[in-house]
Number of protein chains: 2
Amino acid sequence: MSGKVTMKELSKSLNLSVSTISKALNNSPEISEATVNKVKEFAALNNYIPNMAARNLKVGQCKTIGVVLPTISTPFFSSVLEGIESLAVSNGYRIILCLSNELLEKEKASIQKLLETQIDGLIISPSRETKKSNDVGHLSKLKAFKIPVVTFDRRVGDIDCDTITTDEELKAELAIFNLERAGCNKIIFLADTLDLAIYDSRKIGYENAMLSLGLHPMIIEYQNRFPNKHLKRLLESKSIDGILACTEQSAIEVMSFILKNGFSIPHDVSVIGFNNSSLGKTFWPSLSSIDLKPKEQGNLAIETLMDRINGLLPVGNINYQLHSEIIQRQSTRTFF
Amino acid sequence: MSGKVTMKELSKSLNLSVSTISKALNNSPEISEATVNKVKEFAALNNYIPNMAARNLKVGQCKTIGVVLPTISTPFFSSVLEGIESLAVSNGYRIILCLSNELLEKEKASIQKLLETQIDGLIISPSRETKKSNDVGHLSKLKAFKIPVVTFDRRVGDIDCDTITTDEELKAELAIFNLERAGCNKIIFLADTLDLAIYDSRKIGYENAMLSLGLHPMIIEYQNRFPNKHLKRLLESKSIDGILACTEQSAIEVMSFILKNGFSIPHDVSVIGFNNSSLGKTFWPSLSSIDLKPKEQGNLAIETLMDRINGLLPVGNINYQLHSEIIQRQSTRTFF
DNA sequence: CTGAAAGCGCTTACAG
DNA sequence: CTGAAAGCGCTTACAG
């Protein structure tokens with residue numbers, strides 16, 4: 001901490017009680033304007049800074065919300081975080097950030113820590129391991145401590161909390177319909193094995209569309225790195241003319257791979273991905289993408305949480321579903 | 001906060017004093033093993049969670065460090081943050097995150113807030129406005145409160161603190177030498193006007209190299225968006241064969257622009273940028289880049305800060321300079 | 001080995 | 001309008 005001035009010291013110097021100092025600093029109507037001014041001036045002069053930790057201890061809330069994210073190194077999560085941060089501070093809350101690195105144990109440890117250091121609420125997008133294991137005890141336990149939680153984007157089993165999701169399943173379906181109308185009928189779903197574990201609804205949307213179009217669904221998984229021999233063979237035998245990539249990263253990777261192998265986009269194959277960051281926008285050809293509205297998810301998450309904290313929401317959980325949006329760019333053929 | 005169990009309640013239930021409870025929970029050797037175990041078991045059974053805020057108030061440190069960043073939506077800053085976060089939590093510190101959005105006022109407000117809510121130290125990369133205005137009063141004032149600060153990457157005038165920087169100037173120079181050896185001699189320095197305001201050392205490195213090679217330095221600035229007519233004219237008249245782009249973003253943008261206009265990379269023009277994220281790696285052709293070691297910067301920043309907090313560092317400021325690294329990829333011609 | 005007391009920096013009934 | 005007292009949940013000399 002520091003050698004900071006306290007109310008006690010102010011009170012001594014000014015020959016006033018600590019109570020009076022406190023009230024004056026907090027603009028209590030009990031205190032005369034004269035002393036309010038006197039106290040404030042003197043406090044400012046002496047660089048007095050209130051100790052909010054002490055205040056919080058007394059008052060019983062901390063104006064702090066915990067944010068635990070699987071990672072921060074994707075444009076998606078960093079945008080969400082920006083959305084959370086801006087609204088949080090403008091409402092007087094501060095953010096304490098924890099990264100789970102997609103690990104269940106680190107997520108648990110983070111939450112334990114947050115509990116100890118006091119939070120008014122929690123925003124979380126569960127880790128891959130959490131989602132897979134469906135081990136959510138550490139999350140549901142927050143209920144017992146009366147700490148509201150809201151999840152966003154990823155959704156896990158049975159935790160009793162407010163949730164933010166998108167209609168990505170629907171939009172995945174729609175994206176396939178669009179590709180088909182533009183003349184594609186050999187459309188694959190491409191995913192890093194790890195992503196596949198999380199984004200099942202994107203896959204479901206794809207499969208539904210393919211089935212209802214009478215087309216044959218085909219999932220291609222890869223582990224970490226391109227090049228992928230299987231994919232290369234498919235390209236060379238012209239067995240692919242469209243790709244729905246599970247993430248923006250994999251979309252960019254597959255586009256690079258296609259170009260590197262001498263095929264053209266979208267002439268030979270159309271590509272569309274998820275997450276509409278500047279990454280795909282500046283790629284050449286620019287990437288068509290399903291915009292998951294990260295900033296909006298962040299904003300909505302923090303708004304919901306604050307409303308919940310302030311008792312402004314009805315009992316029972318709210319499940320917001322945001323509309324994602326298909327952004328048409330150069331990587332997909334167009335139809336008329 | 002919550003309906004949490006406190007030591008007082010434990011003490012009542014167990015018929016022990018609060019002091020004993022506290023000592024038992026903290027493994028004090030004063031207390032018999034028997035009661036230590038009894039207390040711990042009972043605490044666990046009742047989901048006791050220590051209130052660290054209260055503890056901190058008493059003990060006078062808060063194990064909290066403030067991190068204020070201009071933005072989080074570039075791979076550079078998100079990597080730094082990951083570097084900070086991981087080491088912080090493994091050392092028992094938590095991170096409270098503030099974004100300045102490159103604005104002086106928001107930076108000032110963040111620091112004021114951090115001061116109020118108590119921090120043991122601060123890591124900051126100053127905003128563009130801070131750097132331009134050189135208004136650093138809000139930063140130097142922390143010294144008076146005995147709160148150590150460390151800056152990274154960007155460096156501003158005269159604040160009395162530890163700093164982390166890289167040898168980017170040197171590596172910019174070296175990059176130009178490499179381009180020249182590979183046969184380029186019409187090399188421009190490309191920057192978004194806003195970036196130019198911050199990254200002067202990159203420009204200086206460029207200019208030094210050009211001058212010492214007897215080449216004509218040429219800075220091209222643009223505002224926010226491509227396409228840039230000036231640049232197009234230069235391309236078409238073959239007056240450019242190399243580009244050092246001030247950031248990764250501008251490197252990617254200019255590469256897209258070049259490709260879009262039918263020129264080839266690196267055959268017609270070589271491009272090299274700063275910040276070596278996966279963005280440039282997956283672009284096709286992949287981007288040669290100067291790796292600014294963001295994770296290392298983050299690690300070093302937090303390590304330095306913790307050492308400073310713990311009084312492990314000598315008086316006087318430390319200025320670490322990390323070695324950045326030129327990564328050769330497909331966007332630059334090679335030499336033998 | 002256990003406990004009573006004081007105190008961290010604040011707020012807030014309650015009295016005067 | 002001002003102040004004394006109690007207390008938020010802890011820790012830590014000090015006494016027994």
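So you know, we letter chains A, B, ... as the sequences are listed, proteins then strands, and number each from 1.
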Do NZ/NE/NH1/NH2 and the carboxylate oxygens of [X] and [Y] come within less than 4.0 Å?
{"X": "A:Lys113", "Y": "A:Glu116", "answer": "yes"}
{"X": "A:Arg154", "Y": "A:Glu102", "answer": "yes"}
{"X": "A:Glu85", "Y": "B:Lys106", "answer": "yes"}

Of all heavy-atom pairs between [X] and [Y], which one has the smallest distance, and what is that distance?
{"X": "A:Leu10", "Y": "A:Ala43", "answer": "CD1-CB, 4.0 Å"}
{"X": "A:Leu292", "Y": "A:Gln297", "answer": "O-NE2, 3.0 Å"}
{"X": "A:Asn299", "Y": "A:Gly83", "answer": "OD1-O, 2.9 Å"}
{"X": "A:Arg308", "Y": "A:Pro148", "answer": "CG-CB, 3.4 Å"}

For this session: For DNA chain D, note the earliest and the latest nucleotide, 5' to 3', having some atom under 4.0 Å of a heavy atom belonging to chain A.
Result: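 For DNA chain D, the relevant span reads D:dC1 to D:dG9.
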For this session: Evaluate side chain to side chain donor-acceptor pair (under 3.5 Å) for B:Ser127 paired with B:Thr130, printing each intermediate quantity in order.
Result: CA-CA 5 Å; B:Ser127 79; B:Thr130 310; 2.6 Å; yes
Exercise. Hey, does B:Ile49 reach any base, or is it just sugar-phosphate, or nothing, if we go heavy atoms under 4.0 Å?
Worked result: sugar-phosphate
For this session: Output the residues of residues 20-36 of chain A in contact with DNA chain C, where contact means a heavy atom of the residue under 4.0 Å from an atom of the strand; sort by number or write none.
Result: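 Output list: A:Ser22, A:Lys23, A:Asn26.
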For this session: Could you walk me through whether A:Lys108 and A:Asp135 pass side-chain contact (heavy atoms from CB on, under 4.5 Å), step by step?
Result: CA-CA 10 Å; A:Lys108 282 182 175 173; A:Asp135 177 353; 3.1 Å; yes
For this session: Using heavy atoms to find the nearest nucleotide of DNA chain C for B:Leu16 and B:Val59 separately, return the residue whose nucleotide is more 5′.
Result: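 That would be B:Leu16.
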Exercise. Are the side chain of A:Asp120 and the backbone of A:Lys63 linked by a donor-acceptor contact shorter than 3.5 Å?
Worked result: yes
Exercise. Under a 3.5 Å cut-off on both pairing distances, which runs of 3 or more consecutive Watson-Crick or G-U pairs involve DNA chain C?
Worked result: C:1-3 with D:14-16, C:5-12 with D:5-12, C:14-16 with D:1-3
Exercise. Nearest nucleotide by nearest heavy atom, which residue falls closer to the 5' end of DNA chain D, B:Ala54 or B:Ser19?
Worked result: B:Ala54
